[in-house]
Amino acid sequence: MENLVNFFTQTGTVQSILFISLAIFIGIGIGKIKLFKIQLGIAGVLFTGLAVGHFGIQINPKTLHFVKEFGLILFVYSIGLEVGPGFVSSLKKEGMKMNTLASLIVFLGLGIAVIIHFITGIPIETMAGILCGAVTNTPSLGAAQQVITDMGTTDVGVTGMAYAVAYPFGIIGIILTMILIRVIFRIKVNQEEENYTKEAEENQVSAETFSISINNPQIIGKTQKELSNLFTEPIVISRIARNGEVFVPKPSTCVAEGDKINIIAPKDSRTRLQTLFGEISNTNMCKTNGKLAMRRMIVTQKAIAGKTIAEVNIFGRYNANITRIYRSGIEMIPTLESTLEIGDYVRVVGETKQLPEIANELGNSPEALNHPNILPMFLGIFLGILLGSIPINIPGIPAPVKLGLAGGPLLVAILLGRMGRVGKLSFYLPPGASLVIREVGIVLFLVSVGIGSGGKFIHSLVHEGGVTWMGYGALITFIPLFITAILARLWKVNYLSICGLLAGSMTDPPALEFANNLSSSQAQSYGYASVYPLVMFLRILCIQILILLV
C-alpha cells in the first residue's frame, strides 16, 4: 500500500501523464452533459484541469509545459490544413460580407478590452486572459502566454485563470445573442431556412450539363481542345452523339456539323455557348447505357498525385475522360492543366468495360486514406515553428511581433492545405486522422492550462476580483456580438447564417452545435466555416499586439 501511495504522490513523467489522462477522461464526460440544451463540449476538460490543480495534485512542470505547447501546435496545424483549400474562396462574394462582420466582432472586442484596461488598471496579463476567455479562443491564449513569457514573466497562471473565469459566459453570450436577435426581429426559423435554400440555389456557382447541336460553320472541324480555348471559362465535352452512336471524344476529336455534344460548363454560361456552338438540343446523353457508363472514383494512387489531366492521359489510353473533380467539398470543371491530388473524387465517363481498369489505375481505395503520411505533417509543423519564431517589426509597436506556436503552424498549414503538395510531398490528411489530431491537440492544451491555473483559481475568484473579471468578460463577449448581429440583420443577412457567423467569430464549436439544432440547414455551418480561418488568424495576431502595445 505504501508503494502505491508513493507512486501516486511522485511528480515524475509517468504520474504526470497518468493524471493528465484521467483529467481528460473525466472532462470529456462532463462536457457531454446537457444543461438547457447547452453542452460545455471540449471545454469540460479545462474545468477538470482546474480541479486537478486546485486539489494540489503535483504535475511535473516541464512535462506540463511540453504537453500544453505540443497540444496547441497539433490543434492549430490540423485546423489550418482543413480550412486551407477553401481559405481564398471564403473571402470572395458573400464570404467578404461575412468576414467583414466577423472582423468587426474581433476589433470591437479588442477595443473594449483596451478601454477596460485603461479605466480599471487591470494588469495586461489578466486582461489578455479575460479577452481570450470571453471570445472562447484557445489558440490566442497560447499566443498570449508565449508573448508574456518572452517578455520575462514566467508566471502566466493568472492569464489562464482569467481565461477560465471568462470562458463560461463566452459560450452563453453567443447563444443569448442568437436568441435575442430572433426575438427582436421576430424571426421565423422555417422561413429563414426556405429563403436560404432558395438563395443558395440561385447563387450557386457550379457546373451544369446540357446538350448542344453543332451548326456554326466557324467551329466545324475544330478539335475539343480548340473549342475549349474559344471559351474564357473551363468546359468539358463529355460525349458526342454522331450518326446514332454516342462516344467519348479525345482532345484531338473534331466536331462535325449535326453533332450533338454533351457539355459540362459553369452555370449561367448556356447562352454564351449556344451563341458560339449552335442550338440547345433535347438529346439526353447523361443516361448511361451498356456501352458507356459514368462512375465516381477516388484518387488514392500516389503515382498519380500531382500529375495533370494531360499527364495522366486517361483520354489518350482509354475511351474515357475525367469530367469532374471534387476537392474539399468544391466542385471543379477540369482542364488539361488541372492536377489530381490524393483524396480527390473524380467523375469518369467512358466505356463500361474499361472503367474498372481506370479505377484501379487511380487507386479508388478509400481504405488507403486511412493510413496518413506522417512525414509531410511533421515537416509542416517544423516549418510552422520556424515561421512563428521569426520576429516581425511593425511600426508603432515597441517590440517585434511573433506569430508564435499558434500563428506560425496555423499559417503554414493554411498555405500547405491550399497548395495540396510541394513536389512529391502531399500534405493531405484523411478527415478521420485530421479530426483525431485536432481533438487530441485541443484537450492536451486545455487540460494543461487548467492544471497550471487551478492552484490559485478559487483564491483569485473569491479574493482577487474574479467575479469582476467575469463581468468584464461578459461585456467583451456580448457587446460586439449584439452590435454586429443587429448590423448583419439590417444588411439582410439570413438569420441562420448570422448564427454561424457568431459561432465562427468566436471559433466556438458548442455555439455552432446550438445553432445547428435550430435547423437542418447548412447555412450555420457555412457561415461558421467562411469566417473561421480569418478570425483565427486575427485573434492570434491581435492578442499579441494588445500585450506589446499596452
Side-chain angles (χ1 to χ4, degrees), residues 37-38 82-83 85-109 135-137 170-208 266-268 328-331 477-536 538-539:
K37 296 184 179 181
I38 302 174
E82 183 177 344
V83 304
F87 183 71
V88 174
S89 62
S90 71
L91 302 178
K92 298 178 181 178
K93 297 185 179 179
E94 188 70 16
M96 183 62 72
K97 179 191 294 186
M98 299 288 281
N99 277 281
T100 299
L101 292 167
S103 299
L104 178 62
I105 292 174
V106 174
F107 294 123
L108 281 175
V135 300
T136 69
N137 188 266
I171 300 175
I172 296 171
I174 308 170
I175 296 171
L176 179 61
T177 304
M178 294 179 189
I179 295 173
L180 285 177
I181 293 299
R182 183 177 174 180
V183 172
I184 291 171
F185 288 96
R186 299 179 180 179
I187 292 171
K188 296 180 180 179
V189 174
N190 292 340
Q191 184 63 49
E192 294 296 305
E193 184 175 348
E194 292 177 7
N195 293 342
Y196 177 82
T197 301
K198 182 179 179 180
E199 184 178 349
E201 291 175 351
E202 292 175 351
N203 297 331
Q204 185 181 17
V205 180
S206 59
E208 65 173 337
K267 283 193 173 181
D268 302 325
S328 300
I330 300 172
E331 180 184 15
T477 298
F478 182 72
I479 293 176
L481 288 175
F482 187 70
I483 291 175
T484 305
I486 293 289
L487 291 175
R489 191 59 184 174
L490 295 176
W491 205 354
K492 301 188 183 303
V493 178
N494 186 281
Y495 171 71
L496 297 176
S497 295
I498 292 176
C499 291
L501 162 70
L502 298 179
S505 67
M506 306 295 251
T507 62
D508 192 82
L512 176 62
E513 184 175 350
F514 176 86
N516 284 336
N517 287 332
L518 297 174
S519 166
S520 59
S521 171
Q522 293 294 314
Q524 306 93 301
S525 296
Y526 283 136
Y528 183 93
S530 67
V531 303
Y532 188 102
L534 180 62
V535 165
M536 182 67 76
L538 288 177
R539 294 284 187 202

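- In plain terms, the two heavy atoms of V531 and M98 that are nearest each other are CG1-O, 3.5 Å.
- Expressed to the nearest 0.5 Å, how far OG of S519 lies from CG of N190 amounts to 7.5 Å.
- Across V535 and G504, no two heavy atoms sit closer than the pair CG1-O, 3.9 Å.
- A distance of 13.0 Å separates CZ in R182 from CD1 in I498, rounded to the nearest 0.5 Å.
- In this structure, the side chains of I105 and L101 stay at 4.5 Å or more apart for every pair of heavy atoms.
- Contact check for L481 versus S505: side-chain heavy atoms found under the 4.5 Å cut-off.
- Here the side chain of T136 pairs a donor or acceptor atom with the backbone of M506 at under 3.5 angstrom.
- For S497, there are no side-chain hydrogen bond (donor to acceptor under 3.5 Å, both in side chains) partners two or more places apart in sequence or in a different chain.
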(request) Determine, step by step, whether L180 and F478 satisfy the side-chain contact (heavy atoms from CB on, under 4.5 Å) criterion, reporting the C-alpha distance in whole Å, the side-chain angles of both residues, the deciding distance to 0.1 Å, and the verdict. (result) CA-CA 11 Å; L180 285 177; F478 182 72; 3.7 Å; yes
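- Note that CG of L501 is 11.5 Å distant from CG of N494, once rounded to the nearest 0.5 Å.
- Between M178 and L502, the shortest heavy-atom contact is CG-CD1, 4.0 Å.
- Qualifying side-chain contact (heavy atoms from CB on, under 4.5 Å) partners for L108, counting only residues two or more places apart in sequence or in other chains: L104, P480, I483, T484.
- Remark: I179 CD1 to I184 CD1 distance equals 12.0 Å, nearest 0.5 Å.
- Taking the side chain as every heavy atom from C-beta outward, F482 and L176 never approach each other to under 4.5 Å.
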(request) I would like to know whether L538 and F107 meet side-chain contact (heavy atoms from CB on, under 4.5 Å); could you show each step before the answer? (result) CA-CA 9 Å; L538 288 177; F107 294 123; 4.3 Å; yes
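- Here salt bridge (Lys or Arg N to Asp or Glu O under 4.0 Å) pairs that include residues 184-194, with residues two or more places apart or in two chains, are E192-R489.
- Separation of atoms CD1 (I187) and CG (L496) is listed at 8.5 Å; rounding is to 0.5 Å.
- Heavy atoms only, all atoms of each residue included: G173 and T477 are closest at CA-CG2, 3.9 Å.
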